[in-house]
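Reviewing the structure listed below.
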Amino acid sequence: MFEKILIANRGEIALRVARACRELGVRTVAVYSVADRDSAVVRLADEAVCIGPPEARQSYRNAAAIVEAARRTGAQAVHPGYGFLSEDADFAEICADNGLVFIGPSPEVMLALGDKARARALMREAGLPLPPGSLATVETAARARDVADEIGYPVIIKCAAGGGGRGMTVVWSADEFGPAYERTRIAAQAVFGDDRVYLERYLVQARHVEVQVLCDGYGNGVHLGTRDCSVQRRHQKLVEEGPAPALSANTLDALAGSALAGALRAGYTGAGTFEFLVDEAERFSFIEVNCRIQVEHPVTEMISGVDLVHEQLHIAAGVPLRLRQEDVRISGVAVECRVNVEDPDRGFAPTPGRLSRFVPPSGPFTRVDTHGYPGYLVGPYYDSLLAKVVVWAPERDLALGRMERALHEFDVEGPGVRTTIPFLRRVLDDAGFRKGRYSTGLVDRLLGGAEPPPDPVRAGSAVPEASAAAAVPAAAAVPAAPAVARSALPTTANHPRRSR
């Protein structure tokens, strides 16, 4: 195991990693921007290094500053958390060039799976079903329109380099297509520095179901069941639960088996998530891979009893996977609600401010992952996630009742501060959600949006049938990293080191 790890992130995930490290006897280095000097992880970590001003590109996305902090403090590895540089293959390679272990998949695997279009092609080779669409990126509006006409509307235009729910445009008719295609490419270039896009048939009544996998560097892998993440606003998740409700055991097994087959085919290492769309006939299709720990990972931890961050650290340290598939036991139901500092009545606009009161819930089988505390200033610079409330129960109705109780207990106040808690309680009260019969359109319906038209694909054969889980293929060989010339990393000024 490592002696010292640098945590290249902030907020609740940085605190989560720091706690896991302390449990394993690993010393930690927290990095922070000027805006986060009073953050909880700065107090908890063994050392803390300021890496820049509040703007993420000058701090949490500043690879040079992070690597310099790791070298100065003697850290052996870097845990990227989620967001920021967590799926940046260049950053993973820079870490390797500087003698640091990047806690995640190799740069080559991350590059292949992080490119959504390349990932689709690779997963088709592994036998995973795909939604109708382009296997490769489409470089011209004319070619893209041809693909859209072929697969039928509505379609969704996706950025090849996108992620985190960003870089997607739904197009409902041919008349809208040309302007939507150009807007998406312009936005992709501005946000991701890569204007390539691809197309998929948009499934209106689909559910978003994902599978957690763990793989080591020796060709071993396990899946840890499913999570349903269909409660979303602007393709970003609000409520997650596991196992995915109201699906047959055969479908759950097929989803999990397909994800593990895809992971081993790609030569994946570490914790990763394979995401699928599932229609009302329980036909599923692969959409993407998240090459990192997920925000919703506590759901899987609650139903499996497996500490995913502990496993990430052991795998990155070269320890063979400590689980076999027969060791995995999924028990009960877990539900997670994301408490964001946002106002649902104003389009989920962020509402930054100082917390005058902050009393999270507690009680039986209730977990709260948060970096908030009374007096904490929620700034305008970063994601608005403040806390994750997670509950477990032997069966779903009790889990939902436990979550209702927990949200009722949660007391957050501050001048101008609003949270998603009232809206989350509306979700829990929805009859369709209570029955486990809901889709990614639930939030729009609750906000009073028009019901989407029925999806004609559901009654046809355009979506591939969900095949039974096949025998898992041997892991694909991953080529050695090519020699890449790198300029010397600059020394970042104003990096105070604080030991505790």
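Computed over heavy atoms, backbone and side chain alike; hydrogens, waters and symmetry mates excluded. All values reported here derive from a predicted model rather than from experimental measurement.
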Return yes if some donor-acceptor pair links the side-chain N/O of [X] with the main-chain N/O of [Y] below 3.5 Å, else return no.
X      : Y      : value
Arg425 : Thr420 : no
Ser86  : Arg292 : no
Arg185 : Glu139 : yes
Ser134 : Thr137 : no

Say whether [X] and [Y], considering side chains only, have a donor N or O and an acceptor N or O under 3.5 Å apart.
X      : Y      : answer
Ser248 : Asn250 : no
Ser230 : Gln232 : no
Tyr82  : Asn290 : no
Thr300 : Arg227 : yes
Glu210 : Thr273 : no
His297 : Gln212 : no

Side chains of [X] and [Y] in contact at under 4.5 Å (non-hydrogen atoms):
X      : Y      : value
Arg207 : Leu247 : yes
Glu296 : Cys229 : yes
Val390 : Val368 : no
Arg445 : Asp430 : yes
Ile287 : Lys158 : yes
His223 : Phe274 : no
Leu238 : Val443 : yes
Val222 : Leu260 : no

Task: Steps toward side chain to side chain donor-acceptor pair (under 3.5 Å) verdict (Thr169, Thr184) - done: CA-CA 7 Å; Thr169 304; Thr184 307; 2.8 Å; yes
Task: Residue pair Arg196, Asp115: steps toward the salt bridge (charged side-chain N to carboxylate O under 4.0 Å, His left out) verdict - done: CA-CA 10 Å; Arg196 295 174 306 126; Asp115 184 307; 2.5 Å; yes
Open item on the list: I'd like to know whether Tyr60 forms a ring-ring contact (aromatic ring centres under 6.0 Å, His included) with Tyr382, so could you lay out the CA-CA distance, the side-chain angles of the two residues, the decisive distance to 0.1 Å, and finally the verdict.
Closed with: CA-CA 10 Å; Tyr60 297 109; Tyr382 313 114; 5.5 Å; yes
Axial cation check for [Y] ring with [X], 6.0 Å and 45° limits:
X      : Y      : value
Arg145 : Tyr181 : no
Arg396 : Phe433 : yes
Arg233 : Phe348 : yes

Open item on the list: Run the salt bridge (charged side-chain N to carboxylate O under 4.0 Å, His left out) test on Arg434 and Glu404 for me, step by step, so that the C-alpha distance in whole Å, both residues' side-chain angles and the decisive distance to 0.1 Å come before the verdict.
Closed with: CA-CA 12 Å; Arg434 300 292 301 196; Glu404 288 177 333; 3.1 Å; yes
Open item on the list: Ignoring hydrogens, what is the shortest heavy-atom contact between Phe177 and Ala148? Give both atom names and the distance.
Closed with: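 Closest approach of Phe177 to Ala148: CE1-CB, 3.8 Å.
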